[in-house]
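Heads up, the thing below is written out as structure tokens.
Please read all numbers here as calculations on a predicted model, not as lab measurements. Computation of the quantities below employed the complete heavy-atom set of this structure, encompassing side-chain atoms and omitting hydrogens, waters and symmetry-equivalent molecules.
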Amino acid sequence: MAGIPLKADSIPACKGLLGAARSGMQEVLCASMHPHTCAWPGVQLGSVESHHSEGGSVVGAGGTNEMNAIASSGLFFKDGKKRIDYILVYKKSSLQVEKRSTFEKNLRAEGLMLEREPAVTNNDIMFVKIHCPWETLCKYAERMNIRMPFRKKCYYTDWRSKTMGRELKSWLPRNPMKLDKEALPDLEETDCYTAPFSRARIHHFTINNKDSFFSNSTRSRIVHHMLQRTKYEDGKSKMGINRLLNNGTYEAAFPPHEGSHKSRHPIKTHGAQNHRHLLYERWARWGMWYKYQPLDLIRRYFGEKIGLYFAWLGWYTGMLIPAALVGLFVFLYGLFTMDSSQVSREICEANETIMCPMCERNCTLQKLNESCIYAKVTHLFDNGGTVFFAIFMAIWATVFLEFWKRRRAVLTYDWDLIDWEDEEEELRPQFEAKYSQVERVNPITGKPEPFQPFPDKLSRLMVSVSGIFFMISLVLTAVFAVVVYRLVAMEQFASFQWYFIKKYWQFATSGTGVCINFMIIMSLNVVYEKVAYLLTDLEHPRTDSEWENSFALKMFLFQFVNLNSSIFYIAFFLGRFAGRPGKYNKLFNRWRLEECHPSGCLIDLCLQMGVIMVLKQMWNNFMELGYPLLQNWWSRRKIKRGGQLLEHKISLPQWEKDWNLQPMNLHGLMDEYLEMVLQFGFTTIFVAAFPLAPLLALLNNIIEIRLDAYKFVTQWRRPMPARATDIGIWYGILEGIGVLAVITNAFVIAITSDYIPRFVYAYKYGPCADQGYTQEKCLKGYVNSSLSVFDLNELEMGYSGYCRYRDYRAPPWSSSPYEFTLQFWHVLAARLAFIIVFEHLVFGIKSFIAYLIPDMPKDLCDRMRREKYLVQEMMYEAELEHLQRERKKNGKQYHHEWP
């Protein structure tokens, strides 16, 4: 019936809702759905419902053999009926017996059902299985204001445009990136109105099966809520599973996975065993790398917080496609025009131009044409498309963030997060212990709680800020050490025995410097994490979310400075203070400062960015997947060495398989966001010098999505399904990076690249002076104009004649030798003017685009207002029908008006 125009009174779900019938173009369309589609379906093993796929169905209820298999699978209690909603793990040898027994006694008093089970592979481990009965679920769902479905949605839509759109789609080829929803019924969107659950109005809600009405993630969230608020000792703050995990009462607490992620039978013929299996087959497998992500299923299994992360990661990856294509086009433009470039051609043909020695002792005189390869490679990144690409990427960053806000608005609407407000968090135990003597009334709860005085908070914040500046100074010290290495290695490589190293000593110096710098970066990251923990704990944040935000900000600052400080040095300081021949500046009066290559410093910047970006992405991918794989392999190996499973042919229950997996990171998604935000900085901040950065980021993210998916589905325990409405502090950091990217790209184009000197020469000094810069021939003579002359006799190294060096200085025979020429001041003025114009232009465009793009799509606003109106009407009619049925049941006369 889907797609057939129906009248309002033809379907009971819509009857009476739309009394004022519209005529003409609009028809009321009510989605024709299976009754339990609105019940937040989960693949519930052992429940009445069954889910069909191509040629098969998932396990349904019925049969003693099926029930025995269900009980032994590790998803239910021993009776095979009560589903396990949460797992607690403790050691029998633990001394916290009294706390544990009190805690479990209070859990039973709250309505939870507990069952103990010893571990198969370790006699000291005991599992506590927790089941939440229907009555308890309803009670806490009402307390937590959990929104549940109560009626199918009805839409007003333009039937003619709907039909035309469907006909147009039928002519278009099928998008290969879309998932096959016919083969995956669990990916269908929930198409129901929702409202906060209420036991008094339970008759309003669509309850076809009590076992599946609350999804597995919702059940786990309710149990986690109870675990966080149950006492284990007498006392105001003696409550919560987190404190019991910290003091060793329990070893772990986690919701169980829904069975194995693998099956002996193909999913196409036998269907999915459970949601975990479905996620693995349709999301985490490498063969699905080109498919869209099943975000609804991810959210249903892992919760909204993780679902939003993967939605953001997928959106970021998709937005990288146009940036990567434009960057690749700029690179290919440089590749195809490399041989026809006037500047490169002049350098390659300059076989009589002698360059001044670039080091003190071991360097020999070189001809300019020996830099031919460097000149051509520099043209790949520094060409006519550089400025356009820098402006494009600045606008791209704004468009990405603005459209993400719209995408987030749609997701929060679809996932029922519009009216959701974060629950009042409990205080951190460390905060309570530190400030238990000072109390004030919480303005939200109205209860007294520990309070941190402002002078104490300010003093701790100042110490933390001082620690941050100290660590940043440590980063700068490490960069300085790498600079000293480059100065020392420069002399050594110039006199190296190997001809290749001696000829390309600058490339060898830069390459080894980059590798050493990368090793220092990765080493310091380990130190920074420990320092960030220490400083954050020193601040004593009030809640866990405040702690996470403070820790995330410190980690970003540390790693951002650590990762980019050497790049900033090469971009803006390398070769700027070297001096001139005969009057070079020296570090500690010993080592001559490094100069840029005759073709410019941009090639060093490209090398630095490319090597660090590639190596860091490879290292991150190994640590994200390779390290957990090794840990889980070692755990399985220890179990096999025990010999128990091999000897008795015992299969591990699901809770023990989950226990042998790795827990999710202590700080949740912070590492995942941090990696992507740092990559976003690489992609935007110096993109004018390295247009291939978006392409490398795109290729990495395609792998990253499947790596993270595989890790969440197969290598980690199931995290607690948490709710969230946005990506938190990271959005503000992304906006800050977007602003910094405009400034740095302006400086890279103006100072690091030769775009401005070429521009000034073409318009003022070249053959096309005062005629307009229209052709490549206007740069004829540019290389000779950009090189100054020096008398080799002044070096006292046994050379005679003249050599050339990169600068705008007067020749030795002029009245004021080696002074800056007028062209130098023209170039400097043009550089400053370009920075000002570029920044104002790009910031103006960014602000205008941000103003034009609303944060929420108009159709979504209309849908929200329409839904609010319909929900009120539905609740009114449902209550009226219920009261009329009650009167009829009691034999009382009733009328068709509100009683």
Side-chain angles (χ1 to χ4, degrees), residues 289-290 316-349 371-397 399-400 507 510 567 570-571 597 599-615 617 679-680 682-703 741 744-746 748-750 752-759 762 773-779 782-783 838 842:
W289 66 270
Y290 63 97
Y316 171 46
T317 304
M319 289 293 291
L320 279 173
I321 294 176
L325 291 177
V326 176
L328 182 61
F329 173 78
V330 171
F331 177 80
L332 292 178
Y333 171 79
L335 181 65
F336 292 140
T337 60
M338 183 170 55
D339 294 328
S340 62
S341 169
Q342 180 67 31
V343 177
S344 300
R345 190 162 59 245
E346 288 186 4
I347 292 177
C348 294
E349 294 174 356
S371 303
C372 181
I373 296 178
Y374 289 97
K376 291 184 176 181
V377 173
T378 300
H379 183 74
L380 294 177
F381 305 100
D382 187 9
N383 53 63
T386 302
V387 177
F388 161 75
F389 189 55
I391 297 175
F392 172 83
M393 287 303 297
I395 297 173
W396 172 88
V399 172
F400 160 64
F507 179 79
S510 299
I567 299 176
I570 292 176
H597 196 272
S599 298
C601 291
L602 202 66
I603 187 65
D604 291 311
L605 183 58
C606 295
L607 179 65
Q608 184 85 8
M609 288 187 62
V611 172
I612 290 181
M613 190 172 186
V614 172
L615 290 180
Q617 289 179 348
Q679 184 203 81
F680 179 80
F682 251 96
T683 308
T684 55
I685 292 179
F686 289 100
V687 74
F690 192 55
L692 292 180
L695 179 61
L696 294 179
L698 174 64
L699 297 176
N700 175 79
N701 287 7
I702 292 174
I703 300 173
T744 53
N745 281 306
V748 167
I749 295 172
T752 310
S753 76
D754 287 338
Y755 176 81
I756 298 300
R758 292 198 301 264
F759 183 84
Y773 177 46
T774 57
Q775 298 179 1
E776 190 73 22
K777 67 179 183 180
C778 296
L779 289 175
Y782 165 74
V783 173
F838 182 89
V842 176

Report task. Answer whether the closest heavy-atom distance between the side chains of Thr386 and Tyr755 falls below 4.5 Å. Result -> no
Query raised in the report: Do other residues, nucleotides or ligands put more than 12 heavy atoms under 6.0 Å from the CD1 atom of Ile395?
Result: yes
Query raised in the report: Counting only N and O atoms by type, is there a donor-acceptor contact under 3.5 Å from the side chain of Asn383 to the main-chain atoms of His379?
Result: yes
Query raised in the report: Any donor and acceptor pair, going by atom type alone, linking the side chain of Ser510 with main-chain N or O of Asp604 inside 3.5 Å?
Result: no
Report task. With the side chain counted from C-beta on, respond yes when Phe682 and Ile612 share a heavy-atom pair under 4.5 Å apart, and no when they do not. Result -> yes
Query - disulfide bond (SG atoms under 2.5 Å apart) partners of Cys606, counting only residues at least two apart - result: none
Query raised in the report: When you measure from the side chain of Thr684 to the backbone N and O of Ala394, does any donor-acceptor pair fall under 3.5 Å?
Result: no
Query - Sub-4.5 Å side-chain heavy-atom contact between Asn700 and Leu696 - result: no
Query raised in the report: What pair of heavy atoms forms the shortest contact from Thr683 to Ala697, and how long is it?
Result: OG1-CB, 3.7 Å
**Report entry** Pairs satisfying salt bridge (Lys or Arg N to Asp or Glu O under 4.0 Å), at least one member in residues 329-341, at least two apart
**Finding:** Asp339-Lys376
Query raised in the report: Under 4.5 Å between any side-chain heavy atoms of Leu320 and Trp396, yes or no?
Result: yes
Query raised in the report: What is the ring orientation for Phe400 with Phe680, classed by angle as parallel under 30°, tilted 30 to 60°, or perpendicular over 60°?
Result: tilted
**Report entry** For the student: nearest non-hydrogen atoms of Ile756 and Ala750, plus distance
**Finding:** CG1-CA, 3.8 Å
Query raised in the report: So do Pro691 and Tyr333 actually touch side chain to side chain, heavy atoms under 4.5 Å?
Result: no
Report task. Could you go through the side-chain contact (heavy atoms from CB on, under 4.5 Å) check for Val387 and Phe759 one step at a time? Result -> CA-CA 12 Å; Val387 177; Phe759 183 84; over 6 Å; no
Query raised in the report: Can you find a pair of side-chain heavy atoms, one from Val326 and one from Phe389, that are under 4.5 Å apart?
Result: yes
Query raised in the report: Given Leu325 and Ile321, is the side-chain contact (heavy atoms from CB on, under 4.5 Å) satisfied, shown in steps?
Result: CA-CA 6 Å; Leu325 291 177; Ile321 294 176; 4.2 Å; yes
Query raised in the report: Under 3.5 Å, side chain of Gln342 to main-chain N/O of Leu779, donor-acceptor pair present?
Result: no
Query - Pair listing, salt bridge (Lys or Arg N to Asp or Glu O under 4.0 Å) test, anchored in residues 377-387, at least two apart - result: Asp382-Arg758
Query raised in the report: Any donor-acceptor pair under 3.5 Å linking the side chain of Ser341 with the backbone of Met338?
Result: no
Query raised in the report: Less than 4.5 Å apart, any side-chain heavy atom of Asn745 and any of Met393?
Result: no
Query raised in the report: Looking at side-chain heavy atoms only, is the closest gap between Ile347 and Tyr374 below 4.5 Å?
Result: no
